[in-house]
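Below is one structure, written out as structure tokens; comments come after it.
Only this structure's heavy atoms are used, side chains among them; waters, hydrogens and symmetry mates stay out. In what follows, chains are A, B, ... by sequence order, proteins preceding strands, each numbered from 1.
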There are 2 protein chains.
Amino acid sequence: MRYDRAVTELGRRERKKLQTRQSIADAALELFLARGFDDVGVKEIADRADVSVTTLFKHFPSKESLLFDEDEQQEAELVGAVRNRPAGQSIPRALRDHFVRMSYGHVDHPLFGAFNRLVQETPALRTYEHKMWMRHQEGLARAIAEEVGVPADDVRCVALARFALESRDVIFGREDREQAADEVFGLLEHGWAADQQS
Amino acid sequence: MRYDRAVTELGRRERKKLQTRQSIADAALELFLARGFDDVGVKEIADRADVSVTTLFKHFPSKESLLFDEDEQQEAELVGAVRNRPAGQSIPRALRDHFVRMSYGHVDHPLFGAFNRLVQETPALRTYEHKMWMRHQEGLARAIAEEVGVPADDVRCVALARFALESRDVIFGREDREQAADEVFGLLEHGWAADQQS
DNA sequence: CTTCAAAAGTTGAGTGGTTGCACTTTTGTA
DNA sequence: TACAAAAGTGCAACCACTCAACTTTTGAAG
């Protein structure tokens, strides 16, 4: 047994598998961008990627998933933003900064704009992406709880994690994202009563 | 034209329509409770209600919707809780009270427990119900904004509405709902920084 | 009471995503 | 070289949902 190569280099077999997966994803992206999510059938995507429909569904669990890949990275960044925040900075503030940073990223990539437009325009894709994003709630809540020194299922931590994640769509839908982020996370940090008389 | 009866008494025709609708909903509820949402097909429900599948889908837009009816009422109560809150009470506090009140309701109804269990156990139903619940965001946000005297799309109001609605699932999943409501809405009212050193 | 049009309902065929099964091909390793 | 696991294929089927064409019911105007 030669684990050495198998582990590090991923072997010809796995490479081919990834390659198949990639060509399916590529075909899907092209077609969806060109004609819209609902006007392209799985069959057509499979044909263009030169695989059978059955094979397509062995690589992806659903039509929507063709457009997104796993993102351990996003959760890691979220958790990192909380864990490695500057000394003395509050957790909501750290999350606010992270979101603002996020909103600037990828601005350059040409496909990114069209991709985002496609997702926002297609209800099925919006809800799918939102669901994926919300899966980070548990991980984020745990990070916050550890940071504060309370049990992982502390209600306030869970709530803060959920609210922070939910606020993304609120903020990204606004013209001035930076100011929106200030107001929304200000609400989480200092509360509603802070600068409201009623 | 005799509007008088048509408007108030609803006419034989509409009555029959409602009756058909009701028998479909009844059939669905019975079957779902007995064997679970995923193990009952629409065909079987239509058969038991003695209508065709096509007719079923003329009354309900989807399989999930067979279990829920329209709820203008819930939104009205939500808005009412904000609008008619005791003088001097904050909006988050009013919402907290409303949620606590909600969590006590329906405890007596025998079917209600089984129904809730079914919904919680079935992912498709959970997400459907959550989506319905979240449709009240806009109405609630508008009520809050009017109450405070700012434009209806004010970010803080939208965010507060969203967070409040989202917090329902967080709170209802806890043992001590009342305390959970205190903590979560306390976060919204007084902020994270208020009683947290970091 | 008849007539007429709208609405409810039916039937049956079809679409599109998704799964299961039985089979062949490829590929890593003993 | 041989073998077993894994990848891929083709086909049939299931299920939620839609469409088009047709029949039945029903409310109300003449």
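- Residue-to-nucleotide contacts include no donor-acceptor pair under 3.5 Å from the side chain of B:T54 to the base of D:dC17.
- Taking a cutoff of 4.0 Å between a charged side-chain nitrogen and a carboxylate oxygen, A:R96 and A:E189 do not qualify as a salt bridge.
- Distance A:E44 CD to C:dT15 C1': 15 Å, rounded to the nearest Å.
- A donor N or O paired with an acceptor N or O is not found under 3.5 Å between the base of C:dG17 and the side-chain atoms of A:K43.
- At a threshold of 4.0 angstrom between heavy atoms, the contacts of B:D50 are confined to the sugar-phosphate backbone, with no base atom among them.
- At a cut-off of 3.5 angstrom, the base of C:dG16 holds no donor-acceptor pair with the side chain of A:K63.
- Rounded to whole Å, the distance from NZ on B:K58 to P on D:dT23 is 15 Å.
- Listed nucleotides C:dT18, D:dC17, D:dT9 differ in distance to A:T55; the shortest reach to its side chain belongs to D:dT9.
- Atom-to-atom, CG of A:L66 to C1' of C:dG17 comes out at 11 Å; the value is rounded to the nearest Å.
- Side-chain atoms of A:F57 lie closest to C:dG17 of the nucleotides D:dG8, C:dG9, C:dG17.
- Rounded to whole Å, the distance from CZ on B:R21 to C1' on C:dG9 is 16 Å.
- Using a 3.5 Å distance cut-off with no hydrogens or angles, the side chains of B:Q120 and B:N116 do not pair a donor with an acceptor.
- Between the CG atom of A:D38 and the C1' atom of C:dG17 there is a distance of 12 Å, rounded to whole Å.
- Between A:I45 atom CD1 and C:dG16 atom P the separation is 12 Å, expressed in whole Å.
- Note that B:R177 lies in the cation-pi zone of B:F172, set by a 6.0 Å cut-off to the ring centre and a 45° limit from the axis.
- Atom CZ in A:R35 sits about 14 Å away from atom C1' in C:dG16, given to the nearest Å.
- In this structure, B:V51 reaches the sugar-phosphate backbone alone: every heavy-atom distance under 4.0 Å involves primed, P, OP1 or OP2 atoms, never a base.
- For the OP1/OP2 pair of D:dT9 and a distance below 4.0 Å, the side-chain nitrogens and oxygens of A:S52 include at least one atom meeting the criterion.
- Between A:E138 and A:R142, at least one side-chain N (NZ, or NE/NH1/NH2) sits under 4.0 Å from a carboxylate O, which counts as a salt bridge.
- When heavy atoms are screened at a 4.0 angstrom cut-off, A:D39 is found touching no nucleic acid atom at all.
- Phosphate contact (OP1/OP2 of D:dG8, side-chain N/O of A:H59, threshold under 4.0 Å): present.
- Residue B:D47 contributes atom CG, which lies 16 Å from atom P of C:dG9 at whole-angstrom precision.
- Between A:F68 and A:F115, the angle of the ring planes goes over 60°, which puts this pair in the perpendicular group of the 30/60° scheme.
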